[in-house]
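One structure is given below, encoded as structure tokens.
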2 protein chains.
Amino acid sequence: MPRGNCQGQGWWHGKFRGCGYRLTTGREAILDLLSKSEGHLSAEDIYIKVHPRYPNVGLTTIYRTLDVLSNLGMVYKFDFGDGRARYELAEGPRGAHHHHHLVCTGCNRVIDYADFIDEEIELLQQTEKGLGKKYNFRINNHVIQFYGLCDKCNGKK
Amino acid sequence: MPRGNCQGQGWWHGKFRGCGYRLTTGREAILDLLSKSEGHLSAEDIYIKVHPRYPNVGLTTIYRTLDVLSNLGMVYKFDFGDGRARYELAEGPRGAHHHHHLVCTGCNRVIDYADFIDEEIELLQQTEKGLGKKYNFRINNHVIQFYGLCDKCNGKK
DNA sequence: TTGTTATTGAAAACCATTTCCATTAATAAG
DNA sequence: CTTATTAATGGAAATGGTTTTCAATAACAA
């Protein structure tokens with residue numbers, strides 16, 4: 001059964017099955033948590049939330065599942081510079097609320113923003129198109145992040 | 001002597017001295033290499049190039065120096081998803097050639113591009129301004145990256 | 001030249017993530 | 001439903017980039 005780029009439309013089950021992945025308790029629990037949480041969860045965050053209820057979902061499984069989800073395009077993986085990866089559901093059941101990130105390098109707080117997002121998306125799409133053609137790339141993702149100091153951290157000097 | 005955000009104009013020496021840092025052989029060697037290399041060097045890359053000529057510049061010093069340079073804003077630190085940080089001189093002696101990155105998730109190749117860069121910068125500046133005001137952030141950096149498959153990796157399926 | 005102290009290297013510690021491998025369980029076939 | 005196949009699992013161990021420790025060194029100011 002095919003495994004590669006399985007970019008479908010449906011939700012969990014169909015997508016998993018269609019790509020030859022099995023639907024397990026752990027995977028459902030992780031997807032469930034992600035869809036109920038407000039973004040930026042680390043593998044450990046997820047473990048701490050999921051493991052008590054599903055004691056036979058280990059940290060290893062969390063990592064493996066996140067990797068699968070990431071490859072399927074169902075989850076985005078971010079690096080906010082604090083030494084651990086963060087994960088976010090790419091699109092909720094009721095459609096995406098696209099946003100980008102504003103990261104405080106002082107306290108590692110991350111703010112989702114959607115201001116100016118339309119202009120950003122517009123520009124990104126043009127750029128993707130142009131770059132894709134020029135460099136012969138099949139672009140399927142992008143990252144925009146701003147780094148700075150939040151008011152609290154800025155005050156502390 | 002002050003250590004914090006020392007965003008000056010001059011080049012190495014002045015900047016270092018002004019911030020209370022000492023100018024050492026190792027630091028000069030690292031800066032020298034960075035200014036002569038085309039971007040995206042990892043700490044190890046730098047070590048391999050610098051250590052033979054300066055045997056008493058260890059990997060630890062490389063990391064520490066890169067950290068200092070990064071804090072001074074003289075070097076940008078990037079994560080291209082291959083598990084190691086990459087560093088780039090923020091601005092060459094003859095001024096910056098600003099660019100963003102196009103990363104192949106297949107072979108980890110990184111392409112610098114400067115197409116559309118003017119529009120990107122323009123939008124980024126507007127966004128920075130707006131976000132800074134709205135969220136009370138002192139923004140001093142940004143990242144734009146595109147991820148995809150280069151022609152070779154795309155062909156392989 | 002000398003005193004102060006930032007900087008250094010080597011080794012050890014750190015810690016997020018990955019790998020190993022024997023066991024378990026999801027799925028398909030009968 | 002039962003059984004066979006093999007993907008998935010978890011705990012422990014390994015990995016590997018980065019950071020910390022600490023005694024020795026070297027930049028710099030006096």
Side-chain angles (χ1 to χ4, degrees), chain A residues 1-4 6 12-31 40-48 50-72 75 77-87 108, chain B residues 1-4 6 12-31 40-48 50-72 75 77-87 108:
Chain A
M1 266 182 205
R3 265 295 168 84
C6 241
W12 308 2
H13 297 225
K15 199 150 192 170
F16 263 77
R17 292 290 183 68
C19 294
Y21 290 106
R22 291 181 181 173
L23 203 51
T24 66
T25 319
R27 288 175 175 171
E28 289 223 74
I30 293 168
L31 271 168
H40 321 148
L41 280 68
S42 69
E44 198 188 354
D45 290 339
I46 297 172
Y47 178 75
I48 288 171
V50 167
H51 191 257
R53 201 187 304 258
Y54 301 88
N56 43 356
V57 171
L59 192 51
T60 311
T61 294
I62 311 267
Y63 277 109
R64 278 189 288 226
T65 300
L66 289 170
D67 200 44
V68 168
L69 294 174
S70 183
N71 288 335
L72 287 176
V75 155
K77 182 179 181 180
F78 292 99
D79 165 53
F80 296 137
D82 65 342
R84 69 195 61 201
R86 305 274 171 177
Y87 302 85
N108 288 319
Chain B
M1 270 183 205
R3 266 298 169 81
C6 242
W12 305 2
H13 297 224
K15 198 151 193 170
F16 262 78
R17 291 289 183 68
C19 293
Y21 290 106
R22 293 180 180 174
L23 204 49
T24 65
T25 319
R27 287 175 177 171
E28 289 224 75
I30 293 168
L31 271 169
H40 320 147
L41 279 68
S42 68
E44 198 189 353
D45 290 338
I46 297 172
Y47 178 75
I48 289 171
V50 168
H51 191 260
R53 203 187 305 258
Y54 302 88
N56 43 356
V57 172
L59 192 51
T60 312
T61 294
I62 311 269
Y63 276 109
R64 279 189 287 227
T65 300
L66 289 170
D67 201 45
V68 168
L69 294 175
S70 182
N71 288 335
L72 287 176
V75 155
K77 182 178 180 180
F78 292 98
D79 166 52
F80 296 138
D82 65 341
R84 69 195 61 202
R86 303 275 171 174
Y87 302 85
N108 288 319

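None of these values were measured; they are calculated from a predicted model. Letters go in sequence order (proteins before strands), and every chain restarts at 1.
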Looking only at heavy atoms, what is the nearest atom pair of B:I48 and B:P52, with distance? O-CD, 3.0 Å

Distance-minimising heavy-atom pair for A:Y47 and A:V57: CE1-O, 3.6 Å

Whole angstrom is fine here: how far is it from [atom1] in [X] over to [atom2] in [N]?
| X | N | atom1 | atom2 | value |
| --- | --- | --- | --- | --- |
| B:E28 | D:dA27 | CD | P | 10 Å |
| A:R27 | D:dA8 | CZ | C1' | 6 Å |
| B:L66 | C:dT7 | CG | P | 15 Å |
| B:F16 | D:dA27 | CZ | C1' | 13 Å |
| B:L23 | C:dA6 | CG | P | 16 Å |
| A:I62 | D:dG11 | CD1 | C1' | 14 Å |
| A:I48 | C:dA16 | CD1 | C1' | 14 Å |
| B:D82 | C:dT17 | CG | P | 14 Å |

Output yes when at least one side-chain N/O atom of [X] is less than 4.0 Å from OP1 or OP2 of [N], else no.
| X | N | answer |
| --- | --- | --- |
| A:T65 | D:dA8 | no |
| B:Y63 | D:dT19 | no |
| A:T60 | D:dG11 | no |
| B:R64 | C:dA6 | no |
| B:R22 | C:dT7 | no |

Verify, without hydrogens or angle tests, whether B:R27 (side chain) and B:R22 (backbone) share a donor-acceptor contact under 3.5 angstrom. yes

Tell me if a side-chain donor or acceptor on B:D45 pairs with a main-chain N or O of B:S42 at a distance below 3.5 Å. yes

More 5' along DNA chain D: B:T25 or B:Y87, using each one's nearest nucleotide? B:Y87

Sugar-phosphate, base or nothing in reach of B:S42, heavy atoms under 4.0 Å: nothing

Of all the choices, C:dT17, D:dT9, D:dT18, which nucleotide is nearest to the side chain of A:R84 once you look at every atom? C:dT17

Ring centers of A:Y87, A:H40 separated by less than 6.0 Å: no

